[in-house]
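These notes are about the structure you will find just below.
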Amino acid sequence: MEGENHAVKAVNVLRSRICDPKFIFFDDSPDSNYSKLKFMISSSVTEACNNSILLLGPRGSGKSAVLELVIQYLMQEYPDSISVIRLNGLLHSDDISAFKEIARQLCMEHQLVFSKAASFDDNSQFMMAMLKECGLAHKTVIFVLDEFDLFAQGKQRLLYSLLDAMQSITSQAVVVGISCRLDADQLLEKRVRSRFSHRKLLFLPPSMEDSQRLLMHMLTLPIDSSFPHDYAVEFNKKVQNIIEDRRFKETLNKFLNIDSAVKDLLRFLFCAVSHMDLQTGFLSRENFEIAFFSIQRHPKLEFLRNCTELELYMLVCMKSLEVKEQSLCNFNSVMKGNICCYNRGQSFSSNHYYINVYWLGFRHLIDLEEISFLNFHCLNISPRKMQVLIDYYPICEELLSFRILPNLLRLKQF
Amino acid sequence: MPPSTTPEVVENDLQPFFVLHKASSRIKDRTPTAQTKLCKRNKLSSSPASEKQLRGSVTEECDHHLFQQPQIEAFDIVWTKIESTIKDVLRDLNASIFHDIQQWVLECFNATKLLGEPTISEATRSFPVLNNTTPGKLFTSLVSTRNIEYVDDILTFEELGNFLKSHGFHVAMLSSLEFSLKNGIADCLKALLREFLGGAIDSADISILASWYREQVNYNKPLVLIINDLERCCGSVLTDIILMLSEWVVKVPIIFIFGVATTVDIPRNILPSHVLERLCPSRFMLGTPAERMDAIVEAVLVKHCSTFSIGHKVAVFLRNYFINQDGTVTSIIRALKVACLLHFSMEPLSLLHGRTLAEDQEEGKSSLSPETMLKYIDELPLYARNQMVDHQTKMSMAEGLSDLVTKQKLWSTAVLCLYEAGKYSNVRLLDLFCEALSQDLYLLRSSDCHAGYEKDRGLFSTNDRCQQYPVMQCGGFIGQIVRKVRDLSTGVLYQLIESWGKITADISEVHEKLETLRASVRCEEGKSPRKSSKGISRRPASKISVNIDKNPRMLNSQAVAFLDCLVRNFLRPIEGMPFHEIFCFKNVEKLQLVLIGDPRRRIQVDLLEFHKILKCSCCSKSGNSLVPSRHDSSIMYSLAQEHGDLINIHDWFQSFRSIVLQHKNKRKQTAKQSPSLKKRKDMNGSADQNESSIQARFCRAVTELQITGLVRMPSKRRPDFAQRVAFGL
Amino acid sequence: MDKDKTPQLPVRMTRSSASSSNHIATAEVNSLEPLTINDLLVGGDPISLDDIISSFPGRSSQIREVVRLLGPLNSPMLPLFVYGGPSTGKTSIILQLFRHLNRPLVYSSCRTCHNQGILFESILNQLRLHRKNAANGYSTAKRCERPSDFVNFLREALTNVVNNLKKSENSISNKMTNGKIGNMIYLVFDNFQLVREWEKSSTILPLLFNLHDLLKMPEVGVIFISNTSPDTFYTNMGYVEPVPILFPEYTEGDIRQILLRNQLNQKLYSSFLDLVLHSFYRITNQVSQLSATLKPLYEKYCEPLNDKGKGVAHNSEMNLRLSTHIKPHISSALNEIFKISYISSTEVETQKEEKWKGKSSRSEQSKELGSLDFHMSTSAKYLLISAFLASRNPATLDASLFDSKGGFDNRKRKRKPSEKALERKETLEEEMLMKGPGTFPLERLLAIFQCLVSVAEDPSDNEEQNNNASGVQSGSGDLMSDILLQLSSLCNANFIFKGRSCPIEGSTRYRSTISEDLALKVARSLKFPLSKYLYRS
């Protein structure tokens with residue numbers, strides 16, 4: 001019973017770790033991005049100069065997490081000489097809402113009342129004024145622009161006014177752009193780029209070793225009062241074994257070959273941990289295997305599995321029409337194809353369907369989005385041209401799985 | 001596809017036409033289709049405004065008769081009577097079906113209640129109620145109005161809505177305008193909320209409806225959503241709304257009523273399959289327009305709710321208009337109204353109507369004695385009265401009028417009896433009515449009935465006793481009906497005679513004829529049991545068989561005899577009688593002019609035979625030949641006749657120019673005597689000035705033709721060809 | 001809160017008892033007290049995991065997986081993406097699981113919330129425990145349109161709720177119950193595939209996918225429920241994929257179980273399924289469709305049994321009889337699958353409509369030789385026919401058709417059909433049929449119409465004459481008169497579509513999409529020889 005309690009606790013700990021980026025990305029080895037970023041920003045804070053940095057890297061490689069860590073550090077290092085403004089390209093890509101948001105956060109920082117009614121110009125002027133103030137008060141304003149590339153759309157007024165303000169001696173600000181587009185700085189206009197200091201930090205996906213280290217780091221329970229000592233040791237030993245295990249390495253390799261960002265690895269871990277067996281209370285290699293398979297999806301195959309025989313037949317007909325470079329592949333032609341192939345194929349010859357049955361299957365295929373229309377202007381569907389979004393061979397394999405090989409062969413040659 | 005040559009501005013050149021056609025009062029304005037439909041809608045709820053328009057339009061038609069006040073009053077009296085009658089008739093037609101629908105709604109409501117009533121917290125919550133496993137099904141009734149023109153049925157659905165409201169349901173009426181693609185689902189949701197909640201709700205959120213429905217006052221009543229023209233709704237929006245409502249159906253038991261004009265397959269055509277399976281449809285049928293038409297004709301023209309009636313030609317015209325043009329009862333009512341108005345405007349004595357009618361209304365007696373007539377005539381204003389010279393004519397006229405009225409009564413009873421019989425050989429009253437009105441047919445009947453007598457005297461050896469009645473010979477619907485009556489089965493015949501009894505109840509001279517027939521029927525009935533007893537007491541079987549097959553024959557022949565005397569004596573069309581002009585409207589041409597403009601044809605005719613309109617000396621003598629003094633556009637159009645449907649602009653221009661110039665040259669010869677020098681100068685001065693002016697005229701003429709929708713400007717693909725649009729002449 | 005005490009029923013309960021017990025509930029709850037945190041719970045009496053599994057046949061693995069991923073109490077989680085075809089039990093399973101776990105959730109269906117503004121508002125309303133009523137004019141708690149505002153409001157609302165949860169948990173933590181709510185709150189987005197059709201989808205999709213990262217609140221779990229697989233959600237900018245869970249279509253066995261679930265006579269029904277299910281399963285594997293189609297069939301199946309097969313001595317020869325009885329109906333039912341069944345609706349209804357319904361259903365069944373059951377004016381009929389011809393026949397062959405009838409006056413100079421065109425016509429016809437109805441300009445329609453009228457005039461006149469001696473004639477002149485009005489009304493009736501203007505030159509083209517039998521009906525009602533004018537290959 002209480003073993004189960006431990007297990008539940010362990011799962012909770014692991015899951016909260018997985019969901020907590022700060023825990024994941026914290027390593028202060030001198031060459032880590034964390035240290036570099038910390039150095040850059042803190043130097044610009046201490047020297048009271050302006051700075052602008054880009055953090056680039058694939059999605060879920062921990063850019064913003066690292067930045068958060070740095071900011072956290074700075075906050076407790078220089079508590080009263082820093083104020084942070086966070087913007088997100090998803091939300092504030094248009095200038096109006098961006099400035100509004102900046103004004104709002106500034107107000108919150110400095111205990112001012114924020115008026116929703118303030119116009120665009122008011123907000124921008126307010127920002128400028130605040131920047132000056134902060135500069136005079138030797139307070140560094142750190143602008144965090146998440147999804148930086150989205151800010152680069154449109155007229156880039158926000159970026160321009162920010163960077164332009166930073167040209168003046170009085171102001172004291174750091175602009176940190178985060179983007180998963182490696183060419184983010186190429187998107188900038190000339191006037192903006194010229195004012196942008198081209199410091200970039202590249203976040204690379206972890207190597208095999210790194211990810212293993214990460215796994216260890218994530219999965220080992222703390223040896224302290226929170227867990228009974230022997231349970232924790234036992235648990236860690238098992239984890240150790242799993243990670244050493246060759247077959248596990250293969251699995252991990254396979255996974256990393258497909259998607260290698262840290263977040264993906266975490267997703268993998270998450271599934272594995274949530275599959276942990278609460279009776280025994282220990283992770284096992286099977287958990288990881290299961291997780292691997294539950295994450296690896298073949299959507300087309302799944303949907304082919306969902307197809308009924310009828311729909312598979314229709315698919316094959318469309319395919320064979322495409323293979324024959326038929327000029328028009330639409331419902332009517334497929335109808336003909338179906339009929340002739342059913343008359344050949346024994347399986348359906350018992351009962352001959354009318355058009356609305358095919359129609360049913362056809363609609364279902366459309367809903368499954370296995371076929372799509374080429375032209376949409378036409379009002380009624382049946383004569384529309386369409387295309388099949390799946391290759392020929394998976395379909396054939398599915399047909400094989402229905403144990404109706406002879407028909408399949410016939411279909412292949414027609 | 002061929003090298004397609006198609007209208008660039010279809011809208012612009014088709015609009016004026018049916019606007020022209022629809023309301024002759026609005027020749028000038030170009031309303032787009034939807035609005036025309038709308039104005040058509042307004043027509044049917046004939047507001048005083050539209051009435052005035054109509055009157056105005058008609059005064060245009062017959063402006064030489066200027067309206068007098070009393071006539072307008074008379075018209076108002078008569079028309080209000082007629083209109084109210086029509087309304088009642090239509091309502092009675094729909095009553096039963098409305099009741100059925102109401103029953104159905106109740107049943108559906110109870111059925112949905114069985115799905116489980118959520119508690120109020122569940123109902124106002126965002127996620128679906130747990131304890132129903134099946135996806136919600138929306139009860140839907142397709143009320144097929146069976147007329148492709150849905151104009152008639154707007155009123156019907158409004159009445160339906162009021163009817164259901166009166167039973168305490170929540171009713172929302174949406175039209176297809178709310179289901180437009182560009183505004184999407186938000187628009188029609190807002191409309192829905194507006195209809196149910198009343199007052200403007202700005203956010204289109206269905207949960208509002210749910211929480212509104214759970215208010216104490218609103219709870220436990222079915223919500224009915226009426227959409228009166230399904231065909232015109234945008235499928236995708238409809239799909240969205242249906243799916244959404246089907247998610248909420250447990251919380252908000254909403255019930256659809258769709259008006260379907262054409263076929264019940266419509267939902268299958270415009271909705272995808274996964275939506276169809278959310279609907280649980282059933283079907284109701286309104287009366288066909290033909291039935292409504294018959295009902296109206298019966299009430300207004302045959303039973304004479306007012307003394308106003310129409311002549312044969314008019315009747316035939318109306319019938320064709322109904323069958324060929326647009327089969328909407330609305331337009332027929334409009335036609336009747338126009339006819340009525342024209343009648344009053346043109347016939348001074350028609351004032352008598354109003355009076356008689358007023359009289360009728362205050363004291364219920366329908367037959368008009370000559371004295372009362374005389375009274376009315378005395379009351380006539382001077383301008384009308386001075387038409388009849390002295391007291392004698394007045395007297396005779398009074399006699400004639402009252403006689404006429406009584407005759408009309410007989411006539412209508414005869415028609416009704418025929419119609420009653422005709423129901424078995426489904427003859428439509430409209431046709432019968434036309435036939436009964438026609439004067440020449442009446443004459444023909446009377447003549448060949450004599451012939452029939454001679455013939456009958458000629459042949460004795462006929463065993464079919466019916467043959468002797470001349471009605472059998474006369475063709476048309478009457479003959480058809482009578483022939484049907486001849487071989488009706490006995491039981492049906494009894495019913496028929498009963499219904500006749502009802503009809504003729506208050507017309508004595510017909511009734512006692514019927515009584516004799518009935519008496520014979522009774523004796524038949526009386527005989528029949530005795531006959532069977534005879535059958536038991538051993539009689540020669542042959543006798544019995546003869547007996548049996550003769551008796552029904554007897555009956556039938558008597559029935560036919562009855563009909564025959566009806567037709568012979570009472571079926572006198574009104575036009576045959578004296579003084580009928582006072583009550584009867586016969587002027588088809590004017591009516592036609594008002595109703596069917598047939599603008600395309602009209603325009604072309606006028607362009608070709610312009611001299612009929614502008615009666616100038618030069619053209620009238622030079623018939624249809626192309627005289628330069630003709631109006632440019634008419635010249636152009638008659639030139640265009642020579643080309644195919646593609647007109648080469650250059651040739652066209654050349655021929656035009658030649659015609660116009662020949663005129664110029666003529667003028668030159670006339671201006672010979674002027675000194676040569678001056679002449680030359682102004683010649684070549686005028687020559688190029690001519691060229692440019694001719695081109696200008698040409699262009700103007702072409703544009704005129706284009707505006708009238710006869711010719712279209714050259715398309716991009718064929719810059720040098722203009723295209724004829726209009727065919728048919 | 002009494003909302004929790006209100007008798008909520010276990011899922012599989014018969015309708016009757018459901019309604020009855022709920023009457024009491026409504027009776028007592030109609031007084032509106034302000035909502036509390038517990039209104040975020042699904043509510044109802046606790047249900048055990050095994051009950052859920054047993055009540056959803058063939059879904060045990062999915063259920064277990066979801067439970068695992070949701071994790072124990074107070075354990076944060078990554079976003080989940082539950083997907084699978086319609087009616088595979090996604091939504092109800094999720095809801096039932098939350099009922100089982102008794103944790104607060106904010107559910108919003110993207111179908112009910114049909115644009116982002118309403119979605120935002122409904123989420124906020126639920127979080128702020130706001131109830132719309134007449135008092136506040138059914139207004140929402142906070143108007144918000146912009147994503148930026150939404151995220152701010154959402155964050156503050158969530159923090160409120162989470163704090164409340166923590167407080168309440170501390171308060172009740174001492175007494176050991178399974179009524180523990182925990183301090184996680186879950187946002188559930190149902191019908192998520194619909195978001196792709198919204199007009200702002202390009203911005204709202206990545207926002208919702210990244211919501212979890214944006215909020216940076218470990219106490220918030222996000223669950224998407226969608227009909228389509230994650231890879232149909234293409235966005236111009238990527239996102240960290242949520243954890244996918246597939247709900248596959250039911251297998252034949254599962255469907256059998258589901259259909260058997262609330263049947264009175266299990267044995268009878270299973271034998272029935274033995275007969276029919278397989279052939280139906282080959283067409284569709286969606287439960288809703290199958291149950292809808294099988295219901296009437298089963299009634300037919302039971303007809304021979306005197307009392308609807310309740311507790312009949314069920315034996316082999318009876319079985320045989322029934323099967324022989326049902327055999328003929330199966331294939332017809334196969335083809336009836338998915339028609340609107342007016343017949344089904346008749347049962348609910350009074351005798352009087354029985355007649356109507358009978359008529360209608362018959363007209364449904366017998367498509368052939370049905371007569372036109374709605375009124376059209378004669379000219380509209382001719383126009384419809386000519387439109388049908390215009391879009392059925394290739395335009396190059398018009399002349400050869402109508403000149404022979406002398407319909408066209410020489411004004412309509414079309415190219416005489418070269419034998420090339422004539423021998424090309426079969427292939428043309430073939431393609432036309434394949435491509436569906438073609439489009440045609442207004443002129444062509446008018447021309448054909450005119451010539452049809454001129455052709456059909458004389459016969460129509462004759463029959464008019466002989467059936468009606470009163471000299472009633474339908475002059476073609478007034479047939480021609482208001483074609484354009486008729487055209488517009490035909491467009492309104494969806495018989496003729498006003499196609500979008502053709503690319504080469506900006507001009508409207510029409511297309512008639514009526515089925516052939518409808519055209520035949522119309523022609524029959526006019527006694528018009530349609531087949532003479534149709535090309536058949």
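Every value quoted in this text rests on a predicted model; they were computed, and no experiment measured them. Naming convention: chains lettered A, B, ... in sequence-line order (proteins, then strands); numbering from 1 in each chain.
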Okay, C:P86 and chain A: the region with an atom under 4.5 Å from a heavy atom over there is neither
Working to the nearest 0.5 angstrom, can you tell me the gap between C:R64 CZ and A:H275 NE2?
11.5 Å
Non-hydrogen atoms of chain C under 4.5 Å away: do they reach the side chain of A:D20, the backbone, both or neither?
neither
Say you draw a straight line from CG of A:L90 to CG of C:L214; how long is it, rounded to the nearest 0.5 Å?
6.0 Å
Tell me which donor-acceptor pairs under 3.5 Å the side chains of residues 67-76 of chain C have, and how far apart each pair is, sequence neighbours excluded?
unit_1 : atom_1 : unit_2 : atom_2 : d
C:N74  : OD1    : C:N183 : N      : 2.8
C:N74  : ND2    : C:E169 : OE2    : 3.1
C:S75  : OG     : A:R15  : NE     : 3.2
C:S75  : OG     : C:P72  : O      : 2.8

Highest number of heavy-atom pairs under 4.5 Å with chain C: which of A:R86, A:R104, A:M276?
A:R104
Using 0.5 Å steps for rounding, measure from the CD atom of C:E219 to the OG atom of A:S16.
11.0 Å
For each of C:T203, C:I245, C:T251, C:T228, tally heavy-atom pairs with chain A at distances under 4.5 Å, and name the one with the top tally.
C:T228
Tell me which of these, A:V11, A:L91, A:L14, has more heavy-atom pairs under 4.5 Å with chain C than the rest.
A:L91
Given heavy-atom pairs under 4.5 angstrom as the criterion, report whether the side chain, backbone, both or neither of C:Y83 touches chain A.
side chain
Can you tell which of A:G60, A:S97, A:A261 has the highest number of heavy-atom pairs within less than 4.5 Å of chain C?
A:S97
Rounded to the nearest 0.5 Å, how far apart are NZ of A:K100 and CZ of C:R146?
6.0 Å
Under a 4.5 Å heavy-atom cut-off, does chain A meet the side chain of C:P244, its backbone, both or neither?
both
Distance check, rounded to the nearest 0.5 Å: A:C271 atom SG versus C:L78 atom CG?
8.0 Å
For C:V243, which atoms come within 4.5 Å of any heavy atom of chain A: side chain, backbone, both, or neither?
both
Closest-packed option against chain A by number of heavy-atom pairs under 4.5 Å, given C:R196, C:E65, C:Q193, C:K216:
C:R196
Side chain, backbone, both or neither: which part of C:N152 has a non-hydrogen atom closer than 4.5 Å to chain A?
side chain
Working to the nearest 0.5 angstrom, can you tell me the gap between A:R59 CZ and C:D213 CG?
9.0 Å
So for A:D146, is it side chain, backbone, both, or neither that comes closer than 4.5 Å to the heavy atoms of chain C?
neither
Examine whether an atom of C:L207 lies under 4.5 Å from a heavy atom of chain A, and if so say whether it belongs to the side chain, the backbone or both; otherwise answer neither.
both
